2 protein chains.
Amino acid sequence: MLSTQTSDSRVEANSTLHATSTEAGWQRQGKLWSNLKELCDVLRIPSAAIHTDEELLFQHVQFKTGQRIHTIGQPFDTLYIVHSGFLKTVLIDEFGNEQVLSFPMKGDLFGVDGIHTKRYASEAVALSNCDLILLPFKKLTALGRAHVEFEHAMYSVMSRELVREQAMVSMLGALSAEARVARFLVNLSERYAEMGYSSKLFNLRMTRHEIGSYLGLTLETVSRTLSAFNEIGLISVDQRSIGIKDLDSLKTLRRLPPSSSRAKQVASRKAKQLAQQERPEGEWGQVAGV
Amino acid sequence: MLSTQTSDSRVEANSTLHATSTEAGWQRQGKLWSNLKELCDVLRIPSAAIHTDEELLFQHVQFKTGQRIHTIGQPFDTLYIVHSGFLKTVLIDEFGNEQVLSFPMKGDLFGVDGIHTKRYASEAVALSNCDLILLPFKKLTALGRAHVEFEHAMYSVMSRELVREQAMVSMLGALSAEARVARFLVNLSERYAEMGYSSKLFNLRMTRHEIGSYLGLTLETVSRTLSAFNEIGLISVDQRSIGIKDLDSLKTLRRLPPSSSRAKQVASRKAKQLAQQERPEGEWGQVAGV
DNA sequence: CGACTAATTGAACCCCCTCAACCAAAGTGG
DNA sequence: CCACTTTGGTTGAGGGGGTTCAATTAGTCG
């Protein structure tokens with residue numbers, strides 16, 4: 001099983017470049033520079049039309065677990081692209097409470113919120129050792145003028161971020177706690193798959209508290225929900241280790257419809273063998289599974 | 001199942017003659033074209049460095065109350081800037097439930113979510129008669145290459161949208177119903193002020209249901225909260241008419257985790273409403289009841 | 001090994017939702 | 001003109017989903 005330990009930069013099979021740093025490249029000095037094509041590849045931007053003879057290079061920078069990449073109010077001048085590793089971005093309210101906004105990982109762009117006010121509106125913290133590509137905003141705008149495709153791509157990436165935020169708003173506004181946790185797991189699974197890791201077995205990089213903050217729940221509710229999913233066979237849980245057992249049920253898990261359907265706690269407790277549903281679409285899907 | 005008035009944009013017999021005095025200029029055909037400077041002004045973008053001799057013109061288009069500007073999945077090619085009027089953007093889930101994402105009004109940009117997938121990810125509906133400026137995406141990118149300031153401004157506007165969404169996520173994830181409604185009112189008040197309207201007395205353009213959807217609450221909770229604010233003197237409410245009475249209290253109203261903050265508000269209420277002890281103890285926190 | 005953080009689990013509470021009744025305003029049609 | 005319907009808003013009663021408080025266990029690091 002792919003232990004989701006410190007990120008392994010060799011997972012990128014598409015890139016033909018020689019692996020500069022062998023593995024665990026972050027701590028030595030990691031990769032130091034990327035060219036434009038590599039940058040586009042990481043961002044999942046079609047780099048076909050990019051002039052590969054471009055001289056432009058983009059600096060990398062490494063952060064260790066717990067380090068802060070930028071803080072709220074700090075003057076903005078560069079965007080960050082995750083080359084490897086895991087992070088969180090948080091808002092901090094007037095009482096010092098953290099509100100997790102996102103969990104950037106490979107291919108994700110962050111820092112965009114700083115463009116408007118020229119100061120970062122959020123704080124980014126490394127949840128693991130990270131290798132980030134620096135994308136100075138000035139260089140970005142210059143690139144946009146030089147390469148039409150790149151300009152379009154940057155708009156596209158920012159649009160993608162906006163759509164993602166919209167999905168978050170929709171989720172927070174309409175879904176039950178169980179549905180939120182289920183979607184969170186499915187989302188994580190898909191992102192791991194995109195990154196070349198196992199989508200069925202992975203380790204969470206964040207605490208229950210951070211998950212709860214991200215989903216608008218308390219850490220206890222997150223823990224309970226994971227335990228419930230474990231009991232009914234949707235997943236297996238052991239601390240940070242998550243095994244996806246029944247992806248379809250997780251995907252179709254919605255807000256528990258009105259009241260007629262069986263209580264969820266009953267299902268989790270004793271409904272291990274009553275896996276029948278007479279409805280065309282049991283909102284809980286196949287419970288039995290294994 | 002009931003599909004909601006598909007692209008048939010014909011609305012109720014709203015004669016073009018009878019003018020709604022609030023927003024003049026939309027009727028007939030309103031303004032037909034804006035130049036770049038006007039566009040920047042509406043977007044609150046510094047237009048100093050813009051060449052005023054620019055030939056480029058931007059077309060306007062008018063929509064009447066209830067009409068749909070774009071739908072989910074519709075091919076994307078243009079952004080919209082609100083010149084006058086009020087709208088809502090919504091997501092529609094698999095069961096047909098609307099999730100309100102934003103209430104665009106003068107100076108706001110929408111349609112950005114369509115850039116990424118080349119199809120609109122949300123639906124925009126006019127809540128009043130509207131005058132919109134069309135901003136074809138191709139024209140935008142061309143402008144960005146021609147005018148450095150404009151390119152920066154567009155990034156800035158998109159960044160602003162992202163920050164706004166982040167604030168929504170934070171609110172939905174952490175604030176109580178009362179705090180959400182209070183923030184919503186403060187936010188509305190400020191936006192009205194920016195637009196030159198009164199910040200103390202205005203009419204809501206949206207239903208309780210739409211407010212609730214936007215805030216992640218039910219319409220009943222919104223209604224009750226507004227009534228409660230009315231009772232303790234923070235606002236005055238009469239249907240769609242809102243009067244802001246105590247802006248500071250609205251601004252400082254937060255989640256009430258400990259009972260201390262509740263006690264404060266109770267005291268505030270008693271101080272202001274000592275006269276009436278007759279009515280049954282309201283829903284406002286079960287002060288003495290139970 | 002202790003000290004600390006993270007996670008699990010239980011019990012009680014309460015905020016908000018659900019369901020429901022009622023009201024007001026604005027159409028609609030006779 | 002007035003019944004009738006529709007839409008939007010208010011308010012009440014009750015229940016439940018999630019929080020809060022609290023105790024226990026597991027994992028981590030000095």
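Chain letters run A, B, ... following the sequence lines, proteins first and then strands; every chain starts at 1. In this text the structure is predicted, and so the values were computed from the model without any measurement.
Counting non-hydrogen atoms under 4.0 angstrom, A:T221 reaches a base of the nucleic acid. Heavy atoms of B:S223 sit under 4.0 angstrom from at least one base atom. Within 4.0 Å of B:L217, counting heavy atoms only, lie sugar-phosphate atoms of the nucleic acid but no base atom.
As rounded to whole Å, 12 Å separates atom P of D:dT19 from atom NE2 of A:H209. Taking atom CD of residue B:E220 and atom P of nucleotide C:dC23, one finds them 18 Å apart after rounding to whole Å. If you measure from atom CG of A:L172 to atom P of D:dG18, you get 13 Å, rounded to the nearest angstrom. Look at CD1 on B:I211: it is 8 Å from P on D:dG9, rounded to the nearest Å. Atom CG of A:L175 is separated from atom P of C:dC17 by 14 Å (rounded to the nearest Å). B:I242 places its CD1 atom 14 Å from the C1' atom of D:dG8, with the value rounded to the nearest Å. One atom, CZ of A:R208, and another, P of D:dG18, lie 17 Å apart when rounded to the nearest Å. When the C1' atom of D:dG18 is taken as reference, atom CD of A:E178 falls 10 Å away, rounded to whole Å.
In this structure a side-chain-to-backbone donor-acceptor pair under 3.5 Å is missing from A:S128 to A:G85.
A:N129 places none of its side-chain heavy atoms less than 4.5 Å from the side chain of A:F63. Side-chain atoms of B:L132 and B:I69, non-hydrogen and from C-beta on, do get closer than 4.5 Å to each other. Put simply, the side chain of A:L87 reaches to within 4.5 Å of the side chain of A:C130, judged on heavy atoms.
Comparing D:dT11, D:dT19, C:dT8 by their closest approach to the side chain of B:S227 singles out D:dT11. The side chain of B:V237 approaches D:dT10 more closely than any other nucleotide in the set D:dT10, D:dT19, C:dA7.
Under 3.5 Å, the side chain of A:R224 and the base of C:dG10 form at least one donor-acceptor pair of N or O atoms.
Between D:dG9 and B:R240, a contact under 4.0 Å exists linking OP1 or OP2 to a side-chain N or O.
Comparing A:D238 and A:G216 along DNA chain D, the residue whose closest nucleotide (by nearest heavy atom) sits nearer the 5' end is A:G216.
For an aromatic pair to be called close, the ring centres must be under 6.0 Å apart, and A:F103 with A:F86 fails this.
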